[in-house]
K.L.:
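I'd like to ask you about the structure that follows.
Letters A, B, ... are given to chains in the order of the sequence lines, protein chains preceding strands, and every chain is numbered from 1. Note that the structure is predicted; figures quoted are calculated from it, not measured.
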Amino acid sequence: MASGDSFYVTTPIFYVNDVPHIGHAYTEVAADVLARWHRQAGDDTWLLTGTDEHGEKILRTAVANGVTPKQWADQLVESAWKPLLQTVDIANDDYIRTTDERHEKGVTAFIQQLHDDGHIYEGVYEGYYCVGCEEYKQLDDLVETEAGDYAGRKLCKIHALPVEILKEKNYFFRMSGFQQQLLDLYESRPDFVQPESVRNEIIQFVKQGLEDLSISRSSFDWGIQVPWDPSHVIYVWFDALLNYVTAVGYGDPAQRAEFLRRWPATHIVGKDIARFHAVIWPAMLMAAGLPVPKRVFGHGWLLVGGEKMSKSKLTGIAPQQITEVFGSDAFRYYFLRAISFGQDGSFSWEDLSARYQAELANGFGNLASRVVAMVTRYFTGSVPAAGEYTDAELAIQRTVATAVADADAAMERLAIHEGIAAIWTIVDELNGYLTEQEPWVLARGAADDSAAAERLGTVLYTASEGLRALAVLLSPVMPKATATLWDALGAQAGLGALTAQPIRAAGEWGQLPAGSTVTPLAGLFPRIEEPVSAVSGAA
RNA sequence: GGGGCGGUAGCUCAGCCGGUUAGAGCAAGGGACUCAUAAUCCCUGGGUCGCGGGUUCAAGUCCCGCCCGCCCUACCA
């Protein structure tokens with residue numbers, strides 16, 4: 001994309017009643033890396049995340065805990081959700097809560113407009129209702145019995161009691177009318193829903209036929225009121241999806257310019273909720289005459305032991321369990337590098353530990369250590385000037401330039417794993433380059449051989465400049481370690497802040513000034529001595 | 001039932017519109033080197049590409065059938 005364009009990226013707003021696990025953190029990290037990449041590229045970047053706080057479940061748990069739903073949500077936001085962002089180092093520009101006044105106003109304006117324009121009508125919702133659960137059930141949640149007192153009737157799986165057929169007055173959104181427009185959208189913009197597998201699912205789903213969507217509830221009151229009928233609150237999904245526009249000013253005349261500047265967004269979501277984002281949401285926007293999202297990307301799930309991670313199966317893992325041992329940078333790197341973004345990925349402590357050791361500690365971290373140590377030892381900490389470049393140096397320069405172009409192209413396609421892999425070619429090439437050039441051998445002869453001395457300078461400048469490029473390129477992925485490296489390289493003095501380095505220009509050779517003062521570097525990624533089994537017990 | 005995705009070296013995975021002896025990383029074995037976080041670099045081993053048919057000069061890569069796994073099939077976020 002052209003530098004300076006708007007890049008508005010969102011995570012889902014997470015249901016505040018959930019307990020944050022690495023799946024939530026994975027989504028956050030992916031969106032954050034994309035945001036940091038674009039921000040550093042000079043694009044007009046905005047990262048939004050937040051929490052979804054309405055609905056019957058939250059009302060119930062709040063009541064059960066003797067507090068109001070708002071108090072309940074407040075407490076969870078502060079104790080669980082905002083801390084999650086700290087844990088994995090998210091640099092979000094905004095945090096929206098569906099209980100924010102700006103959101104409620106925007107939602108109210110939106111639904112009123114749809115109502116005024118005839119997209120909403122009053123209808124009757126008919127469903128199976130379990131008195132024990134106090135909620136409507138889908139057929140999947142019911143079981144039919146052959147024998148016994150309830151033979152032939154549908155029973156609630158939880159209570160094993162017959163469900164009733166209840167009818168309720170509801171307001172409906174005429175979603176069925178948008179079926180063809182949606183199909184046209186998927187057809188004309190093949191990258192609207194990604195990846196391909198999710199797109200196929202969505203298209204198939206829509207082709208089966210869309211029904212109108214019930215968008216109000218009257219059996220409880222924790223939600224945003226339907227403006228023309230206060231006895232109803234707006235269905236949570238309809239409410240929640242609108243966060244993406246209300247956060248950037250939809251519905252507030254004073255924020256009109258801001259809205260036009262940001263929208264439309266790139267939505268990063270788990271594939272399980274891709275349908276809400278790729279079907280219901282664009283239909284809502286079409287009805288309101290607003291542009292549909294730029295993209296909806298449904299990423300895969302994290303599998304633990306081959307199964308979807310779940311709390312009930314005790315495979316749920318809290319992000320802190322990982323960051324406490326390996327740090328937030330390693331968390332970010334691992335999940336985005338080891339898993340093809342868009343596919344399901346297997347998580348294991350063994351794999352995490354192995355990659356940390358091989359790629360971060362021995363690969364990148366050790367490369368930084370050896371270069372800094374040699375500049376310190378052979379040039380008393382002052383980055384030497386390069387002499388004449390040979391083919392070996394030119395090859396490194398090409399590697400860096402190619403890596404930048406490839407990584408940027410990959411990030412643009414949301415292929416984050418490929419982007420990181422492209423950057424990593426620099427780590428691998430530099431380690432090989434050093435082994436081949438043997439600067440430690442050149443150093444022995446440098447005292448009485450000016451050619452060797454110049455050559456040593458060229459080699460170490462090349463390595464240092466390569467590290468400079470790595471710091472810039474990896475800053476979105478590993479903000480902390482790269483900041484440490486930036487300091488160690490003494491790059492700040494000549495180049496300014498790391499996050500101010502234009503990322504698409506990171507491949508231009510020769511940016512690190514000779515004479516920059518290198519300072520000793522403690523290991524970027526210290527070896528983890530703790531045996532893997534000790535931490536795996538926590539899973 | 002209908003539909004989607006996947007089943008490739010011990011492990012995790014690449015293999016785009018079919019085309020030379022099927023690749024990478026890790027793990028394993030051997031060697032080199034010592035600046036570095038006992039690290040780095042080089043070499044090697046190892047695969048009936050789920051199974052069975054078919055199309056083709058040529059199939060992991062297209063078609064059909066089958067087996068296995070995960071998922072979707074709307075109002076739980």
K.L.:
Ignoring hydrogens and angles, state whether a donor on the side chain of A:Thr98 or A:Asp239 is under 3.5 Å from an acceptor on the partner side chain.
P.N.:
no
K.L.:
Would you write the dot-bracket representation of RNA chain B, where each base gets (, ), [, ], | or . depending on whether it forms a Watson-Crick or G-U pair under 3.5 Å and with which partner?
P.N.:
(((((((..((((.....[...)))).(((((.......))))).....(((((..]....))))))))))))....
K.L.:
Could I get the full list of ring-ring contact (aromatic ring centres under 6.0 Å, His included) partners for A:His417, not counting sequence neighbours?
P.N.:
none
K.L.:
With a non-hydrogen cut-off below 4.0 angstrom, is A:Leu524 in contact with a base, only sugar-phosphate, or nothing?
P.N.:
base
K.L.:
Using a 4.0 Å heavy-atom cut-off across all strands, classify A:Tyr378 as base, sugar-phosphate, or nothing.
P.N.:
sugar-phosphate
K.L.:
Less than 4.0 angstrom between a side-chain N/O of A:Ser346 and OP1 or OP2 of B:C13, yes or no?
P.N.:
yes
K.L.:
Is the terminal nitrogen or CZ of A:Lys82 (NZ for Lys, CZ for Arg) located under 6.0 angstrom from the six-membered ring centre of A:Tyr95 and within 45° of that ring's axis?
P.N.:
yes
K.L.:
Using atom C1' of each nucleotide, how far apart are B:C62 and B:U21 to the nearest Å?
P.N.:
24 Å
K.L.:
Classify A:Leu213 by what it touches in the nucleic acid, base, sugar-phosphate, or nothing, heavy-atom distance under 4.0 Å.
P.N.:
base
K.L.:
Counting the atoms with a prime plus P, OP1 and OP2 as sugar-phosphate, which does A:Ile339 contact under 4.0 Å by heavy atoms, base, sugar-phosphate, or nothing?
P.N.:
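Since no nucleic acid heavy atom lies under 4.0 Å of A:Ile339, the category is nothing.
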K.L.:
Could you give the distance separating B:C26 and B:G65 at their C1' atoms, to the nearest angstrom?
P.N.:
37 Å
K.L.:
How would you list all residue pairs meeting salt bridge (Lys or Arg N to Asp or Glu O under 4.0 Å) that involve residues 421-436 of chain A, not counting sequence neighbours?
P.N.:
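Pairs touching residues 421-436 of chain A that pass the test: none.
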K.L.:
With heavy atoms under 4.0 Å as the rule, sort A:Gly298 into base, sugar-phosphate or nothing.
P.N.:
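Contact class for A:Gly298: none.
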K.L.:
Check ring-ring contact (aromatic ring centres under 6.0 Å, His included) between A:Tyr171 and all other residues, then give those that pass, not counting sequence neighbours.
P.N.:
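A:Tyr171 satisfies ring-ring contact (aromatic ring centres under 6.0 Å, His included) with A:Trp228, A:His232 only.
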K.L.:
The side chain of A:Asn200 lies closest to which of these nucleotides: B:C41, B:U37, B:G4?
P.N.:
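The nucleotide sitting nearest to the side chain is B:G4.
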K.L.:
Is A:Phe205 touching bases, backbone alone, or none of the nucleic acid, heavy atoms closer than 4.0 Å?
P.N.:
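Answer is base: heavy atoms of A:Phe205 come under 4.0 Å of a base.
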K.L.:
Work out how far the P atom of B:C43 is from that of B:G25, and round it to whole angstrom.
P.N.:
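Roughly 10 Å separates the two P atoms.
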K.L.:
Taking 4.0 Å as the cut-off, does a side-chain nitrogen or oxygen of A:Arg337 come that near to OP1 or OP2 on B:C13?
P.N.:
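So the side chain of A:Arg337 is outside the cut-off, no N or O lying under 4.0 Å from OP1 or OP2 of B:C13.
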K.L.:
List every contact pair, protein side and nucleotides 22-27 of chain B side both N or O, where the distance is under 3.5 Å.
P.N.:
none

K.L.:
So, A:Glu465 and A:Thr462: side-chain donor and acceptor under 3.5 Å apart, yes or no?
P.N.:
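Note: A:Glu465 and A:Thr462 side chains miss the donor-acceptor criterion.
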K.L.:
With sugar-phosphate meaning primed atoms plus P, OP1 and OP2, does A:Glu201 contact a base, only sugar-phosphate, or nothing at under 4.0 Å between heavy atoms?
P.N.:
base
K.L.:
Tabulate below the donor-acceptor pairs under 3.5 Å that side-chain atoms of residues 328-341 of chain A make, not counting sequence neighbours, or state none.
P.N.:
| residue | atom | partner | partner atom | Å |
| --- | --- | --- | --- | --- |
| A:Ser328 | OG | A:Lys480 | NZ | 3.1 |
| A:Asp329 | OD1 | A:Lys480 | N | 3.4 |
| A:Asp329 | OD2 | A:Lys480 | N | 3.3 |
| A:Asp329 | OD2 | A:Ala481 | N | 2.5 |
| A:Arg332 | NE | A:Val477 | O | 2.8 |
| A:Arg332 | NH1 | A:Asp32 | OD2 | 2.8 |
| A:Arg332 | NH1 | A:Val88 | O | 2.9 |
| A:Arg332 | NH1 | A:Asp89 | O | 2.9 |
| A:Arg332 | NH2 | A:Asp32 | OD2 | 2.8 |
| A:Arg332 | NH2 | A:Pro476 | O | 2.8 |
| A:Tyr333 | OH | A:Arg337 | NH1 | 3.1 |
| A:Tyr333 | OH | A:Glu359 | OE1 | 2.5 |
| A:Tyr334 | OH | A:Asp351 | OD2 | 2.8 |

K.L.:
Could you pick out which residue, A:Asp351 or A:Gly365, lies toward the 5' side of RNA chain B when each is mapped onto its nearest nucleotide?
P.N.:
A:Asp351
K.L.:
Restricting to nitrogen or oxygen on both sides, can you table the protein-nucleotides 43-45 of chain B pairs closer than 3.5 Å?
P.N.:
none

K.L.:
Below 4.0 angstrom from OP1 or OP2 of B:U73, is there any side-chain N or O of A:Arg275?
P.N.:
yes
K.L.:
Among B:A14, B:G3, B:C13, which nucleotide sits nearest the side chain of A:Gln204?
P.N.:
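Ranking B:A14, B:G3, B:C13 by closest atom to the A:Gln204 side chain puts B:G3 first.
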K.L.:
For A:Arg527, enumerate each residue passing the side-chain contact (heavy atoms from CB on, under 4.5 Å) test, keeping only those at least two apart in sequence or located in another chain.
P.N.:
A:Gln357, A:Asn362, A:Glu529
K.L.:
Identify, with sequence neighbours excluded, every residue that meets ring-ring contact (aromatic ring centres under 6.0 Å, His included) alongside A:Phe14.
P.N.:
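Counting only residues at least two positions away or on another chain, A:Phe14 forms a ring-ring contact (aromatic ring centres under 6.0 Å, His included) with A:His24, A:Trp81.
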K.L.:
For B:A14 versus B:G53, give the span between their P atoms, rounded off to a whole number of Å.
P.N.:
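These two P atoms come out 28 Å apart once rounded.
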K.L.:
In whole angstrom, what separates A:Lys207's NZ from B:G3's P?
P.N.:
13 Å
K.L.:
Identify, with sequence neighbours excluded, every residue that meets side-chain contact (heavy atoms from CB on, under 4.5 Å) alongside A:Gln208.
P.N.:
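Counting only residues at least two positions away or on another chain, A:Gln208 forms a side-chain contact (heavy atoms from CB on, under 4.5 Å) with A:Gln204.
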K.L.:
What residues form a ring-ring contact (aromatic ring centres under 6.0 Å, His included) with A:Phe192, not counting sequence neighbours?
P.N.:
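By the ring-ring contact (aromatic ring centres under 6.0 Å, His included) rule, A:Phe192 matches no residue at all.
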K.L.:
Students often get this wrong, so: under 4.0 angstrom with heavy atoms, is A:Arg444 touching a base, only sugar-phosphate, or nothing?
P.N.:
sugar-phosphate
K.L.:
Please confirm whether A:Phe110 and A:His103 have ring centers closer than 6.0 angstrom.
P.N.:
no
K.L.:
Please determine, for the side chain of A:Arg370, which listed nucleotide (B:C5, B:U40, B:A14) has the closest atom?
P.N.:
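The closest nucleotide is B:U40.
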K.L.:
Can you tell me how far P in B:G29 sits from the matching atom in B:G45, rounded to whole Å?
P.N.:
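These two P atoms come out 16 Å apart once rounded.
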K.L.:
Rounded to the Å, how far apart are A:Tyr433 OH and B:C42 P?
P.N.:
16 Å
K.L.:
What's A:Glu196 touching, base or sugar-phosphate or nothing? Going by heavy atoms closer than 4.0 Å.
P.N.:
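Counting heavy atoms under 4.0 Å across all strands, no contact is made by A:Glu196.
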K.L.:
Could you tell me which residues satisfy side-chain contact (heavy atoms from CB on, under 4.5 Å) with A:Ser176, sequence neighbours excluded, listed by chain and number?
P.N.:
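Applying side-chain contact (heavy atoms from CB on, under 4.5 Å) to A:Ser176 gives A:Asp212.
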K.L.:
Assuming nearest nucleotide by heavy-atom distance, tell me which of A:Glu211 and A:Ala240 is located more 5' along RNA chain B.
P.N.:
A:Glu211
K.L.:
Rounded to whole angstroms, how far apart are CD on A:Gln343 and P on B:C70?
P.N.:
17 Å
K.L.:
Sticking with atom P, work out how far B:A22 lies from B:U48, rounded to a whole angstrom.
P.N.:
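Looking at atom P only, B:A22 and B:U48 are 12 Å apart.
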K.L.:
Answer yes if the ring centres of A:Tyr244 and A:His267 are under 6.0 angstrom apart, and no otherwise.
P.N.:
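Centroid separation for A:Tyr244 and A:His267: below 6.0 Å.
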K.L.:
When all nucleic acid strands are considered with a 4.0 Å heavy-atom cut-off, which category describes A:Asp272: base, sugar-phosphate, or nothing?
P.N.:
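No contact.
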K.L.:
Expressed in whole Å, how much space separates the C1' atoms belonging to B:C76 and B:C17?
P.N.:
42 Å
K.L.:
Regarding A:Ser197, tell me which of base, sugar-phosphate or nothing describes its non-hydrogen contacts under 4.0 Å with the strands shown.
P.N.:
sugar-phosphate
K.L.:
If we take the P atom in both B:G6 and B:C64, what is their distance in whole Å?
P.N.:
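These two P atoms come out 15 Å apart once rounded.
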